[in-house]
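Below is one structure, written out as structure tokens; comments come after it.
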Protein chains: 2
Amino acid sequence: MFKTQIVAARDGEITEAMRGIARDEYVREEAIREAVAAGRLVIPANRNHANLRPIGIGKILRTKINANIGNSALTSGVTDELEKLHCAVKYGADTVMDLSTGEHVNEIRARIINETSVPVGTVPIYQALTMVEDPMDISIELMLEVIAGQAEQGVDYMTLHAGLLKAHIPAAKKRLVGIVSRGGSILAKWMSTHGKENPLYTHFDDILAICRDYDVTLSLGDGMRPGCLADASDEAQFAELAVLGELVNRSRAAGVQAMVEGPGHIPLDEIEMNMRREEELCDGAPFYILGPVVTDCAPGYDHITSAIGATLGAYYGASMLCYVTPKEHLGLPNAQDVRDGVVAYKIAAHAADIALKRPHARERDDAISAARVDFDWEKQFSLALDPDKARALRAEAVREKRGEQAAPETPPPAPCDGAPTEEPEKYCTMCGPRFCSMRISREL
Amino acid sequence: MFKTQIVAARDGEITEAMRGIARDEYVREEAIREAVAAGRLVIPANRNHANLRPIGIGKILRTKINANIGNSALTSGVTDELEKLHCAVKYGADTVMDLSTGEHVNEIRARIINETSVPVGTVPIYQALTMVEDPMDISIELMLEVIAGQAEQGVDYMTLHAGLLKAHIPAAKKRLVGIVSRGGSILAKWMSTHGKENPLYTHFDDILAICRDYDVTLSLGDGMRPGCLADASDEAQFAELAVLGELVNRSRAAGVQAMVEGPGHIPLDEIEMNMRREEELCDGAPFYILGPVVTDCAPGYDHITSAIGATLGAYYGASMLCYVTPKEHLGLPNAQDVRDGVVAYKIAAHAADIALKRPHARERDDAISAARVDFDWEKQFSLALDPDKARALRAEAVREKRGEQAAPETPPPAPCDGAPTEEPEKYCTMCGPRFCSMRISREL
């Protein structure tokens with residue numbers, strides 16, 4: 001009989017996936033097995049995702065990052081989404097989520113699963129919404145049909161906002177910006193309209209049965225994630241989190257892997273508390289956080305506002321970081337935004353891994369620093385998180401230097417003191433050849 | 001007789017500058033005076049900087065940011081530097097440092113001081129280097145001449161690497177990348193070459209005499225700032241810091257304001273300790289930090305790697321953040337890099353101010369969040385740290401939406417459910433009109 005990773009781990013088995021992760025991350029196989037068995041580490045690996053290279057998400061492993069792609073009702077087709085997929089993976093996304101809500105959702109998802117070896121996540125309610133005239137016509141039957149269809153297709157993990165209950169809605173109404181999760185807002189309206197409890201909560205066992213058959217990992221969505229600093233760490237958020245903790249336990253009992261999603265917008269001084277709270281309420285289930293954004297007033301730069309929060313989040317215990325792009329709050333990201341978001345989050349994850357002293361995490365930093373001392377530009381580029389960008393900016397600086405020398409207002413620089421000018425690559429344009437601290441420091 | 005701010009404060013006087021700062025920052029005048037008297041707050045305000053609008057740098061005030069501009073021996077003339085100056089101030093730099101080491105240093109500095117109302121800082125050794133054939137020909141007489149000349153010109157604060165002593169050099173030789181401060185590396189080589197102590201240390205009283213005459217604030221430079229994670233928090237760094245603490249006390253005793261410069265490259269988990277160490281060793285003198293960069297391997301993105309460190313640094317006590325641009329480690333920044341660096345640092349400073357609950361800090365965030373709820377795009381742009389960027393990205397998303405609708409592979413979207421499509425500005429292209437969580441949340 002087919003066993004999910006968590007069931008196999010409890011049975012004392014070290015699966016092929018666990019072995020691969022142990023090798024990739026310099027962690028003992030038995031430590032991986034123990035963490036999977038306890039539900040503190042998940043391996044999103046649908047049995048139908050043929051060419052998957054499994055990864056693990058949990059505190060004992062390096063921090064993972066996810067890139068959201070997917071079209072909206074208005075924009076972006078298959079070609080664009082595949083371009084974003086390849087861009088995200090090229091720059092280091094560990095997983096991708098297909099959040100398509102527009103045309104061709106099934107076709108786009110099939111192509112994404114087929115073309116990538118990283119785990120693929122979805123938010124099934126988005127597809128369900130494309131199948132009804134009015135969002136209020138969504139039914140649990142439709143949701144289960146979509147979940148089963150996506151599971152069969154090979155989706156490795158699914159976001160389900162099963163912890164947002166009717167009782168939580170009054171708390172959300174006190175907020176400055178209300179509910180900003182798309183799935184959360186639709187479910188809240190559905191509950192209000194029909195006067196019924198969240199169907200994903202009332203039928204959670206049916207969902208678990210499907211997930212267990214394919215080993216779909218549940219990503220328990222935070223429909224109440226705060227959408228601005230004023231709403232952070234409030235009653236609505238933590239009431240839902242307590243329910244997510246209950247659902248973690250039910251998932252584990254059913255042999256289904258589960259992780260928990262988190263905020264959102266959180267001021268810097270509340271990030272550590274938020275990470276600890278999830279760990280306590282959800283019994284150490286891997287925390288998969290979005291950002292958090294640490295200031296609301298920098299649209300156009302939310303890859304930065306959120307990378308700051310994400311770094312701290314990872315340092316205080318989050319296991320996976322969902323990227324945010326510069327287009328957040330403004331529009332749908334294009335491939336350039338995906339690249340900017342992924343690199344910002346690689347930085348966040350890596351900075352946290354270094355601080356947490358994860359095995360071999362700092363080696364790359366020491367290697368690039370050694371290449372700097374040697375003025376070995378090619379080696380620096382090859383060790384950079386984004387070699388193309390580093391190369392392009394260096395080329396730009398060199399071009400501007402040449403342009404400047406030709407400009408009439410500035411005479412050509414006086415001949416410099418000896419060797420350095422003979423070797424133009426042995427300094428950057430920042431200090432120039434005479435005042436290069438690296439060179440002078442070497443001469444000591 | 002002319003009094004520096006610190007002397008006036010000790011005499012119980014509340015100066016015009018203190019009154020303005022109290023008004024700008026919602027802090028009591030008497031609290032400002034006390035902090036200036038104690039040396040925990042500096043007001044860089046040269047008596048000869050005619051059109052200066054004074055600001056304060058200290059823990060009881062909002063976090064300040066500095067932008068470095070200035071040409072190198074190779075690139076960039078007066079026009080370019082003034083463009084960078086205006087760009088830096090437009091996007092929110094609280095001070096600028098002119099780090100010119102190339103042609104026309106005096107002319108560039110005069111223009112900068114004349115054209116801006118923000119405090120201007122310099123590193124006098126850079127000018128001294130342009131006045132000698134060989135850096136080893138620098139003398140204390142030349143240094144004092146340059147310092148006096150710049151003080152007369154109206155420079156508000158000066159970086160002097162007076163704490164790097166001969167005894168510290170062996171520790172620097174153990175490092176992976178050695179000394180990365182330009183001033184530090186040249187002084188170290190000078191000491192080794194001549195077998196003498198750092199002249200800025202041995203003649204510190206002469207420097208203080210000049211600074212007191214003009215009220216130049218000393219920015220005690222960290223010549224030993226670590227240039228990579230492997231060198232962080234080492235013996236060389238902290239040995240110098242202890243000497244800087246001694247110089248802080250000598251400055252205060254002489255009636256000269258002083259702040260202390262800090263790292264550099266520091267892993268996330270050592271930032272708090274570094275901030276505490278400075279506070280202890282330097283008796284609460286304002287800490288003016290460069291980044292710190294929290295990973296070495298993201299050249300092209302060091303405005304981000306360092307904004308992460310800077311946010312934490314400010315949260316744990318730094319009073320001013322020296323920006324780092326995307327060109328760091330690659331070349332001299334141009335105006336676009338200046339803008340990217342300044343905005344990243346405004347984010348860092350503001351995120352820290354929110355977390356520290358500085359007076360009125362979060363109001364802007366709450367206002368922009370309220371504008372989001374109202375789909376008031378113009379108000380969102382006007383409240384953004386970089387309105388132009390937010391506007392441009394929104395326009396890009398809308399353009400891409402239109403282009404997509406025209407593309408042959410995607411049919412035009414089906415007519416949407418009622419009002420939302422009639423009001424195209426009432427959603428972003430991210431969720432589209434049907435699934436806009438804000439709109440749905442309002443309908444609750």
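Labels below follow one simple rule: chain letters A, B, ... track the order of the sequence lines, proteins then strands, and each chain is numbered from 1. Since this is a predicted model, take the numbers as computed values, not measurements.
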From OH (Tyr345(A)) to CD1 (Ile304(B)), nearest 0.5 Å: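 Separation between the atoms: 10.0 Å.
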- request: Quick one: pull up CD in Glu81(A) and CG in Leu99(A) and give me the separation to the nearest 0.5 Å.
  value: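 Rounded to the nearest 0.5 Å, the CD-CG separation comes out at 9.5 Å.
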Between [options], which residue shows the highest count of heavy-atom pairs closer than 4.5 Å to chain B?
options                                    : answer
His265(A), His350(A), Lys189(A), Glu270(A) : Lys189(A)
Leu312(A), Leu356(A), Asp231(A), Thr193(A) : Leu312(A)
Asp296(A), Leu385(A), Leu268(A)            : Asp296(A)
Arg362(A), Arg391(A), Arg364(A)            : Arg362(A)
Val343(A), Ile186(A), Leu383(A)            : Val343(A)
Met438(A), Gln380(A), Arg372(A), Arg175(A) : Arg372(A)

field: Ile440(B) and Arg182(A), any side-chain heavy atoms less than 4.5 Å apart
entry: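 Side-chain contact under 4.5 Å: no.
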- request: Check whether any side-chain heavy atom of Leu393(A) lies under 4.5 Å from a side-chain heavy atom of Pro326(B), and answer yes or no.
  value: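 Touching, per the 4.5 Å side-chain cut-off.
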Quick one: what part of [X] sits under 4.5 Å from any heavy atom of chain B, side chain, backbone, both or neither?
X         : answer
Val294(A) : both
Ile368(A) : side chain
Ile169(A) : side chain

Report the option among [options] that has the most heavy-atom pairs separated by less than 4.5 Å from atoms of chain A.
options                         : result
Ala307(B), Ala188(B), Ser185(B) : Ser185(B)
Gly300(B), Ala355(B), Cys297(B) : Cys297(B)
Pro299(B), Ala351(B), Ala371(B) : Pro299(B)
Gly178(B), Ala390(B), Ala172(B) : Ala390(B)

Heavy-atom pair with the smallest gap, counting every atom of Ile354(B) and Leu229(A):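 Scanning both residues completely, I find the closest heavy atoms to be CD1-CD1, 3.6 Å.
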task: Taking all heavy atoms of Ile125(B) and all of Gly183(B), pick out the closest pair and write down the distance.
output: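 Closest pair (atom of Ile125(B), atom of Gly183(B), distance): CG2-CA, 4.0 Å.
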message: I'd like to know if the side chain of Asp366(B) pairs up with that of Ser369(B) as donor and acceptor (distance under 3.5 Å, no hydrogens or angles considered).
response: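 Their side chains do not contain a donor-acceptor pair, so the 3.5 Å distance test is not met.
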task: Would you kindly check if the NZ (Lys) or CZ (Arg) of Lys346(A) is within the cone defined by 45 degrees around the ring axis of Tyr91(A) and under 6.0 Å from the six-membered ring centre?
output: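 Here Lys346(A) fails the 6.0 Å and 45° test against Tyr91(A).
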task: Determine, for Phe381(A) and Arg394(A), whether the Lys NZ or Arg CZ falls below 6.0 Å from the six-membered ring centre while staying within 45 degrees of the axis.
output: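 Pair Arg394(A)/Phe381(A) does not count as cation-pi.
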- prompt: Hey, what's the ring geometry for His303(A) with Tyr301(A), parallel, tilted or perpendicular (30° and 60° as the breaks)?
  reply: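 If you compare the ring of His303(A) with that of Tyr301(A), the planes turn out parallel.
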Under 4.5 Å from any heavy atom of chain A - which part of [X]:
X         : value
Val180(B) : both
Ser181(B) : backbone
Ile179(B) : both

